[in-house]
Amino acid sequence: MKGVIFNVFDTFVVERFGADAYEALLDSCTLQTREPFVGPGTYPDADFAELIIKASQQLNLPTPDLLRAFGHFCLPRLVDKLPELLEGHTAKSFLLSVENVVHIEVHKLYADALTPTFRYLDPAPSHLSIQYSSPRRLCHLMEGLLDGVSEHFATTISYHQSQCMLDGAESCVFDLEFLAQQGG
Amino acid sequence: MIVTNFSTEKILTRRLDRATKRIEILEKMIETTSRDLFLANQQTIQEKEYIESLLESMGVSLIVVSHDGIIRQVNAETIRLLGYPAEQLLGKQFAELLGDNRFEELITDVAFSQYEWAYTAHDGRKIPVLLSGTPVRNKAGKVWATSCIAVDITQRKRAEGQFKVMIETSADAIMTLAPPDWSFTSGNPATVVMFRSRDERHFISFGPAQLSPEYQPDGQVSAIKSQEMIKLALRKGSHFFEWTHRRLDGQIFPATVLLARFEFAGEMQLLATVHDISERRYTEDQLMRLSKAVEYANESIVITDPQGVIQYVNPAFEKLTGYTLREAINQNPRILKSGVQSAEFYANLWQTIKNGHVWSGRISNRAKNGTAFIEDVTISPIVDDNGVITNFVAVKKDITKQIALETRALQSQKLESIGQLAAGIAHEINTPIQFVGDNTVFLQRAFSSLIPVLETGRQLLDGSKQDGKIAPKAVLAAEIAYKKAKIGFLAKQIPRAVEQSLEGIERVAHIVSAMKEFSHPSQGMMQSIDLNHAIETTLTVARNEWKYVADMETDFDQTLPAMMCLRDEFNQVILNIIVNAAHAISDNTNAGKDGKGVIRVVTRCDGRWAEVRISDSGTGIPEEVQQRVFDPFFTTKKVGLGTGQGLAIARSVVVDKHAGTIDIDSAVGEGATFIIRLPIHGVENTAKGSVM
């Protein structure tokens, strides 16, 4: 997992729950990484998992909810780093560009980044199915990211997960419907 | 939510530490990348992009400045931080950002780290930054530029500023101590004030041992105990304790101390917060003293709520009444009610204190075992800041014994008066007794001289009865006896002698009766008396005291109704004043040799008051003496003549026992008038509320 994600998570906890909550979280974890996370660095997935699980316990928030909230918080902060990736896009065209544009740019930035794999099924203009597969199985984070996309493009996205790796499937499948733009 | 023990300062320190380490890691990354790229001269497009992306993702400002002072490269964070468009920053003099030319100090062949500096933003704002620099070399290994990484420390500075204000304005002394000998390294302004040093530098020139007395109150040596406290603080992280300090002027004061461990520049130090508790200790001591005073007071103290329900009684109350604190609590003070005072009396008392006034008076109460006692009571309302009554506090003095003593003193003065009067009274009685005796002797003789007349008369009577002839010898004898007896004289003098004797006997009877009335104790009971008659009686008893020096004039108001009075005590008052008046006139008339003076006694009914005025034509009383005449044991009479008790008792009887007034109207050389005013309807309707 890239350091940038750890750093955004730091910001997320501090902003939502306070700096002392983050310090307490760090103290409760036995991370493999001893030094502070820096954006370009790559760190063990286990560290991220531990942070999420401990945070969930300490903040008394179920892990899926925490991941969803973090995903929502994360999206605008990630796209801020490469704003041109969103230029000229709608919510749907942006999501369609993730696999072939965004992930490639991420690899340019972080050569050793391990990105998930997205496959698309585009059955109708207002619909999209995304098949998400990743050894990290962070489908709840994916939901939060979708919420972030919805907010960024001011488009209501109704999604339904028809298949989930957490239930033993090979990949997660999200069926999306793009509704009218929010706020007219 | 997580409950943590992190202070703002600790959090800031930890975050700053992490930011610093991040910078170090990033510096190394950049150095490695730069070296690889520049030395290999393989700046492919991809590598450039890598460098750029590295710069972008750092989250800190990076500016590459060539050694001519020109900005050659900036990252997005720099643009965001300074508010300049990138094109305006590139090619700009670095000195402009720094606000001076000191960049020459920075841009050298040597790396530097964590200088506190300030960048000037596009809008002119000064942004405090922590600046670190790494030399950038060309492929020949020559340093041509410096990459400057700046961390925005605005927040930290703000927090530091707030901490500084907090510390500088703190009323507590805050100081730091450093190893190895744990001497002071800094102290805030409160420290300087608290320890009375000249300034901070002066303060830190002293060691902790010099700011403590040799021993702590528990007997431990301060120098040893302070080392223990430091060890505890270092082991536990912080330690709170009480400590006795010594100011530099030698004054000792109690304080609380919080010693807290912290790390600074890689070294454990201590932060000490000293809070002077002299004031608190003083208040505690005051409260303790007050509480002890209440506990040990001789007076009973009762505290009730606004409804009169007892909340506290002190041991003196328990001892006097026999009710323990536990028994008394939640009771009403009416448990002590004796029935002596009327309902109206208590209503007046409650009205007074509920109106927020202080009530003082005398109450006759009854203890748990039925014993009666008399108390002088003062009841005060206690009000809160809003003026609402929260409690009543009664301070009560048991005066049962005092009253007994007063009664005894009065009785002894009365006996003393009677003793003094006895000679005069003896004289008063002696005069009529003497002429009654003389007259009796006269009557005895007269009767003896009448016996021959009666004898010769019987012989004449017997002769005439025998033969109707009266012997001339018998007639002669009768004539002689008759002449000898001086019948005409006797017929005139005997009735007079009898009359005089009866008069004398009456006078004696009168004096004896007055004497009896005067001295008969009224047992402290009020009784209905005729004031005029009482005064007359006293004048009679005291007649021998005044008759040689003064004429007595009385002017009694016959409309004066009978009134409730302690008869014998009132008589004593009149007697004391009359005797004083006679003495004053005696001084003025050379003991009567220069003619007699006048004592005038007048009674009047003045509405609800009976007034008695006793005037004399004596020497008068100087003003300064007037203020003291009612003080016990004050007398102007010669040694052996006055006891100084007479007017003091008069005042006590009139004012304390009858709720009346006694005043003097006098001027030197113009005699004196004592004015006594007594309430006609007794004492209970008056404010004083004295009850016997």
Side-chain angles (χ1 to χ4, degrees), chain A residues 1-11 13-29 31 33-43 51 54-61 66 77-85 102 104-113, chain B residues 1-34 36-37 44-62 75-77 79-80 86 132 149 151-152 155-156 158-159 237:
Chain A
M1 183 70 84
K2 295 307 294 178
V4 64
I5 302 295
F6 286 89
N7 287 344
V8 176
F9 186 68
D10 172 346
T11 312
V13 176
V14 170
E15 279 190 21
R16 292 285 165 89
F17 305 101
D20 51 347
Y22 187 70
E23 299 304 325
L25 176 61
L26 279 191
D27 281 358
S28 69
C29 290
L31 302 175
T33 309
R34 309 301 299 171
E35 74 262 18
F37 303 107
V38 294
T42 303
Y43 303 98
L51 279 172
K54 291 273 170 62
S56 162
Q57 289 164 357
Q58 291 186 14
L59 302 172
N60 202 16
L61 202 65
L66 178 68
R77 279 143 189 101
L78 291 178
V79 297
D80 264 3
K81 299 196 178 294
L82 288 166
E84 60 271 30
L85 291 179
V102 177
I104 287 171
E105 291 302 319
V106 170
H107 280 112
K108 283 183 189 173
L109 261 180
Y110 311 114
D112 55 351
Chain B
M1 212 65 213
I2 305 172
V3 177
T4 69
N5 291 318
F6 292 107
S7 66
T8 313
E9 191 187 0
K10 191 169 181 184
I11 292 168
L12 276 170
T13 308
R14 286 169 60 132
R15 292 190 79 80
L16 192 65
D17 284 350
R18 285 204 296 276
T20 310
K21 281 186 187 136
R22 275 192 191 113
I23 290 167
E24 285 167 7
I25 295 165
L26 288 166
E27 278 170 0
K28 275 184 199 145
M29 281 180 166
I30 290 166
E31 203 178 12
T32 312
T33 313
S34 303
D36 290 353
L37 292 177
T44 61
I45 299 295
Q46 202 174 359
E47 283 164 340
K48 258 190 176 174
E49 282 179 350
Y50 177 73
I51 288 282
E52 280 168 9
S53 66
L54 195 61
L55 297 182
E56 296 313 321
S57 62
M58 278 169 58
V60 292
S61 157
L62 184 133
N75 70 346
E77 180 59 22
I79 293 164
R80 190 200 61 75
S132 300
I149 292 173
V151 178
D152 178 3
Q155 267 198 319
R156 194 189 96 183
R158 195 174 296 146

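All values reported here derive from a predicted model rather than from experimental measurement. Below, each value reflects all heavy atoms present in this structure, side chains not excepted, and no hydrogens, waters or symmetry copies.
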Look up atom CG in D10(A) and atom CZ in R15(B), then write down how far apart they are to the nearest 0.5 Å.
->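 Between D10(A) CG and R15(B) CZ, I get 4.5 Å after rounding to 0.5 Å.
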Distance in Å, L26(A) CG paired with R18(B) CZ, rounded so as to fall on 0.5 Å steps |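 So the CG of L26(A) and the CZ of R18(B) are separated by 5.0 Å.
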Shortest non-hydrogen separation from P36(A) to I25(B) and the atoms involved |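 Looks like O-CD1, 3.7 Å.
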Should we say atom CD of Q155(B) is surrounded by more than 12 heavy atoms from elsewhere, each under 6.0 Å from it?
->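 No, CD of Q155(B) has 12 or fewer neighbouring heavy atoms, counting only those of other groups under 6.0 Å.
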Heavy-atom side-chain proximity of K28(B) to V38(A) below 4.5 angstrom |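 No - every pair of side-chain heavy atoms lies 4.5 Å or more apart.
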